Amino acid sequence: MRPDGPRDPYAGPEAGPEAPFPIKLCGPVIKGFGRGSRELGIPTANIPTEGLSTTHPDLPSGIYYGFVGLSLKSCPSATGASSSTSGSDSTTSPPSSTPAASTAVEPIISIHPAVLSIGYNPFYKNTVRSVEIHILHDFPRDFYGAALNLLVLGYIRPEYDYVSVDALVEDIRIDCAVAARSLDRATYQRFRRDEWEAWLTDFSWMDNVDTHKLEREMLNQKE
Ligand code: ADP
Ligand code: RBF
Ligand code: MG
């Protein structure tokens with residue numbers, strides 16, 4: 001259970017990430033548990049856990065922060081093309097010469113700060129480990145199937161059980177603030193530039209992902 005008392009406003013050393021960080025993870029955005037974390041205002045982009053179990057099998061479960069590089073190229077619903085996965089939006093796109101009047105257009109490739117949970121969600125007693133990333137950015141629509149690169153830079157806290165969903169959400173809100181503040185430090189900002197920026201925006205691994213298989217799996221999970 002979550003211990004009482006105030007929380008530290010920062011996580012990780014002021015001097016910058018320490019071993020085992022930075023940790024690199026890549027994957028397509030897949031369907032998660034579908035518990036409606038979106039309704040709680042905390043959507044989490046889930047990626048497969050295989051990469052982590054191969055490179056860092058002993059990484060403790062818990063809440064972490066870092067930067068995310070996102071490519072919407074493989075994601076029709078996010079780029080405005082027609083899609084069956086986006087329920088909230090009309091799928092007719094304007095002719096390419098006419099700029100969309102009111103809808104914000106997301107860049108195809110972007111880098112954002114993020115907070116993430118790696119583990120078993122003790123509040124929900126999951127039996128499989130998950131990697132779920134809440135990106136600290138407002139997206140106009142879902143981006144299932146997008147390519148995601150994640151550079152984990154620090155650890156915030158262990159996963160806890162909670163007395164209520166409200167208590168869980170309140171703590172996640174604090175995690176978002178801690179992550180944003182911690183990543184704002186110059187010693188962490190450098191991990192979104194130079195060679196790190198090059199890594200965050202390199203999605204060539206997506207060439208080896210069977211996107212048709214992925215789409216089939218996602219459709220099956222929706223039923
Ligand atoms: P699921 O259980 O399928 O992961 P969620 O309720 O956690 O569903 O919603 C996750 C989806 O919401 C992501 O896959 C992504 O497409 C979308 N999304 C929209 N905004 C964000 C955001 N800021 N961070 C993460 N995912 C987001
Ligand atoms: N789930 C838990 O059971 N315990 C936690 O301490 C916990 N902390 C989280 C912190 C963050 C930043 C995020 C994004 C998620 C966390 N979760 C935690 C997972 C949460 O229960 C999950 O996102 C929803 O259940 C949707 O799958
Ligand atoms: Mg999720």
Side-chain angles (χ1 to χ4, degrees), residues 1-3 7 11 27-49 60-80 83-89 104 106 110-150 152-183 214-215 217-223:
M1 204 57 82
R2 153 108 161 85
R7 291 191 45 186
V29 176
I30 55 173
K31 279 267 168 191
F33 300 102
R35 286 202 200 101
S37 45
R38 219 173 326 205
E39 284 75 33
L40 302 174
I42 312 160
T44 59
N46 293 52
I47 58 169
T49 51
S61 292
I63 313 310
Y64 294 81
Y65 60 89
F67 290 114
V68 154
L70 194 68
S71 167
L72 303 180
K73 196 176 148 209
S74 53
C75 177
S77 67
T79 50
S83 154
S84 56
T85 52
S86 169
S88 58
D89 249 286
E106 287 290 302
S110 54
I111 296 178
H112 305 282
V115 62
L116 64 139
S117 146
I118 299 177
Y120 295 88
N121 300 182
F123 182 73
Y124 291 100
K125 303 186 173 46
N126 292 350
T127 53
V128 289
R129 206 172 198 221
S130 62
V131 177
E132 331 180 21
I133 305 150
H134 176 60
I135 302 175
L136 300 174
H137 177 78
D138 264 338
F139 291 92
R141 52 185 71 82
D142 286 349
F143 45 85
Y144 289 107
L148 190 152
N149 291 328
L150 170 67
V152 188
L153 296 177
Y155 174 80
I156 301 184
R157 64 174 177 88
E159 292 182 289
Y160 295 122
D161 197 354
Y162 290 86
V163 291
S164 64
V165 176
D166 285 351
L168 168 67
V169 170
E170 192 186 323
D171 232 13
I172 297 180
R173 289 266 153 252
I174 299 175
D175 294 324
C176 294
V178 170
R181 221 179 273 125
S182 301
L183 288 166
L214 204 67
E215 265 168 39
E217 284 169 2
M218 299 246 228
L219 288 171
N220 287 339
Q221 280 188 27
K222 278 175 74 178
E223 281 151 18

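As the structure is a computational prediction, the values presented were derived from the model and not from experiment. Both ligands and their constituent atoms are indexed starting at 1 by order of listing. Note: hydrogens, waters and symmetry copies are ignored here, and every other heavy atom, side chains too, is used.
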Minimum-distance pair of heavy atoms, taken over all atoms of Val178 and Ser182: O-OG, 2.7 Å

Search all heavy atoms of Asn46 against all heavy atoms of Ser130 and return the closest pair with its distance. ND2-CB, 4.5 Å

Does an N or O anywhere in [X] fall below 3.5 Å from an N or O of ligand 1?
X	value
Tyr144	yes
Ile30	no
Lys31	no
Gly34	yes
Thr44	yes
Phe143	yes
Ile135	yes

Need the ligand 2 atom indices (1-based, order shown) with element for anything under 4.0 Å from a heavy-atom of [X].
X	answer
Arg35	24 (C), 25 (O), 26 (C), 27 (O)
Tyr124	21 (O), 25 (O)
Arg157	6 (O), 7 (C), 8 (N), 9 (C), 10 (C)
Ser37	26 (C)
Tyr162	4 (N), 5 (C), 6 (O)
Leu168	1 (N), 2 (C), 4 (N), 5 (C), 7 (C), 18 (C), 21 (O)
Thr44	14 (C), 23 (O)
Glu159	6 (O)

Going by heavy atoms in the side chains, are Glu132 and Phe33 under 4.5 Å from each other? yes

Whether [X] lies under 4.0 Å from ligand 2, heavy atom:
X	answer
Tyr120	no
Pro122	yes
Arg2	no

With distance as the sole criterion, is a donor-acceptor pair present between the side chains of Asp171 and Tyr160 under 3.5 Å? no

What protein N/O/S atoms are there under 2.8 Å from the Mg ion (ligand 3), waters excluded? Thr44 O, Thr44 OG1, Asn46 OD1

Ligand 1 versus Asp142, non-hydrogen atoms closer than 4.0 Å: side chain, backbone, both, neither? both

